[in-house]
Protein chains: 2
Amino acid sequence: MEKKVTIQDIARQAKVAKSTVSRYLNGGSVSPQTRRKIDEIVRKNQYIPNTFAQGLKQEKNRTIGVIVPRLDSMAQVEMLRGLDSANQNDTFLIANIYQDPIRELAAIKKFIAQKVAGLIILTANLTEEIRQTLLDADIPVVLQGQDEPDFARVMMDDQQAGKIVGQYIQTLSPKNVLILNVDQKLDWAIGYERFQGVKAALANISHHEVITTFKRQTAKLDAAKAMGKQHYDLVIGATDAIAVGAMQAGFELNQHPYYLGFGQSVYSEIVSPELTSFEFNFFETGEQIYDLFQKIRNEANIRPVKIVIPGQLIRRASTKK
Amino acid sequence: MEKKVTIQDIARQAKVAKSTVSRYLNGGSVSPQTRRKIDEIVRKNQYIPNTFAQGLKQEKNRTIGVIVPRLDSMAQVEMLRGLDSANQNDTFLIANIYQDPIRELAAIKKFIAQKVAGLIILTANLTEEIRQTLLDADIPVVLQGQDEPDFARVMMDDQQAGKIVGQYIQTLSPKNVLILNVDQKLDWAIGYERFQGVKAALANISHHEVITTFKRQTAKLDAAKAMGKQHYDLVIGATDAIAVGAMQAGFELNQHPYYLGFGQSVYSEIVSPELTSFEFNFFETGEQIYDLFQKIRNEANIRPVKIVIPGQLIRRASTKK
DNA sequence: TTGTAAGCGTTATCAC
DNA sequence: GTGATAACGCTTACAA
């Protein structure tokens, strides 16, 4: 059990003033001899500066608060991995807020109180109160998933996704399409933007939209209800999880329409038939988020930027005859 | 943009000494009137104590470092959720170390330097160096996944799991069994303990063991190789992911043995046929880990405890005729 | 019950 | 290049 060794101890052993040691540590001017002497003593004592004292002195630290809506989402976890991979020298404080705005606000306030260097928020929906809190705090913030003009943000190109999927749908020439979507109010980017292009392509095709949730189980139930009433030959889920839920429902009803999903990719290759899906690279998105954060952290008054991440349609067996 | 308000500001406005405010904040003795006065001013100014100043003074804080081998594992994420759910008033610092002992050691050292209140380590394998570092640091530590007698730990009951699965296997009366396991050195609890009971049950049954990795893709490849050489009527995967990989291989080879997995539960209900699997409640495990941490944090010199989490066999379609 | 004052470990500002 | 010394915001004896 080692007791804490302070800058003072180092100074004493090196027979210099602690201010000299401090300068040594922070790359100030120190004579080569002194430097070598301190070098050795620091190493021998395994000295590590006290984070709290540092933080107290310089109103700054290398801790970034990360808000995650749900940790049981592949997309989110991939983005975290991306953040981690791009990370230079920061510590991430991760708060899982279970898609609850109340928790979200609390977590953000706590982060601000802890004087984090900045906030990265993976979110679907900012309440007005959170918006204000963020603006007032006046710290670097990067948003993902919500297109808020006041903030730096990284977005999936859901419009393009919808457009490409829309075009693809037409090549399948379906007769009757089931859309399993989520509430726009819950997630605008997905609920609205993602489906703009899809719906445009469906203008002259019979189709039906059912609002369900992100949970596979719920989606399965809702899909079963819809598919029980009438017959569809193409089912589009707002996410892969939803599409897979529908596949399960169809399986039980012994129906075999085409299926198409969006998003993550754990599910898609496991189900049989494998799921055709419009996929985004969430890992790379995470990296981009971190890079953007670095940029706005360093350049003082940069205007809110928007970065758009493209994706691509991966055709698999679920849309093949 | 609000500037920081300190305990001094509150004291001035309330016309008391800052020590009084400090006492107020920490539940010391304060007269009702003073209390009310401070109460109001604190609220009006939205005062939040500076974490660094607090941490500097009292060598203690409410931050717990959590080491996670991989975030792309359902089991791990569930445990994190459990931790979160049981959490009273702590902040979790989560470090994803990608199953890399080097990163693990680095992360642990960093946590210790940051003077975390304790460490929760979800791990499969402690190197000797990490063991020593942990012991030297002399802070509360709870381990999960590694049965180290020197530490408080929460373990899955892999022995019991193996035994139950072993009994179940016999009811299936297979002729030739393929075991897809992982290296014992990588994960003793899974590689060795989990399969003790299984192998005992297989004593008089022809079987073959192949070592693969936790990755579904690799497992699929290894399974394909083995299943290509001879015919099996039961395939047991050390994890669900491995079993699912094998299912995919079998599907492509047009073989349809029974399949059986262990562990998490995302996959099991999605594949068709649904996967029979021995399941642990990782969420509850997370809660237990936190509770145990609380206990050893508060009681000074408690002997290293061991908590064992049972599981249950869920029979699904993959082992039905 | 309240106030005074002495640190906690670090960095920053000066003189030397 | 170096060393006193004063903060940073808070807690905690110890006095009053």
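The sequence lines fix the lettering, A, B, ..., with proteins before strands; numbering per chain opens at 1.
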In terms of side-chain heavy atoms of [X], which of [options] is nearest?
X	options	value
A:Ala17	C:dT10, D:dT11, D:dA4	D:dA4
B:Ser31	D:dT12, C:dT1, D:dG3	C:dT1
B:Thr34	C:dT11, C:dT1, D:dT11	C:dT1

Distance test, side-chain N/O of [X] to OP1/OP2 of [N], below 4.0 Å:
X	N	answer
B:Asn26	D:dT11	yes
B:Gln54	D:dG9	no
A:Tyr24	D:dG3	no
B:Thr20	C:dT2	no

| query | Taking all atoms of both residues into account, what is the closest heavy-atom pair of B:Leu292 and B:Ala152, and its distance? | reply |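 That closest heavy-atom pairing would be CD2-CB, 4.1 Å.
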| message | Salt bridge check, A:Arg131 against A:Glu148: does any charged N sit closer than 4.0 Å to a carboxylate O? | response |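 A:Arg131 and A:Glu148: salt-bridged.
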| query | Got a salt bridge between A:Arg81 and A:Glu78, using NZ or NE/NH1/NH2 to carboxylate O under 4.0 Å? | reply |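 Answer for the salt bridge query: yes.
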Between [atom2] of [N] and [atom1] of [X], the distance in whole Å:
X	N	atom1	atom2	value
A:Phe52	D:dT11	CZ	C1'	14 Å
B:Asn50	C:dG9	CG	P	17 Å
B:Leu25	D:dG9	CG	P	15 Å

| task | Go through B:Asp9 and B:Tyr47 one step at a time and tell me if the side chain to side chain donor-acceptor pair (under 3.5 Å) criterion holds. | result | CA-CA 9 Å; B:Asp9 300 325; B:Tyr47 167 74; over 6 Å; no
On the side chain of [X], is there an atom forming a donor-acceptor pair with the base of [N] - under 3.5 Å, no angle test?
X	N	result
A:Lys57	C:dA12	no
A:Lys18	C:dT10	yes
A:Ser19	D:dG3	yes
A:Ser29	D:dG1	no
B:Arg23	C:dG3	yes

| field | Residue closer to the 5' end of DNA chain C, B:Pro32 versus A:Ser22 (nearest nucleotide) | value |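 Final value for this comparison: B:Pro32.
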| request: Starting at CD of A:Gln132, measure out to OG1 of A:Thr127 and round the result to the nearest 0.5 Å. | output: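 Here the interatomic distance stands at 10.0 Å.
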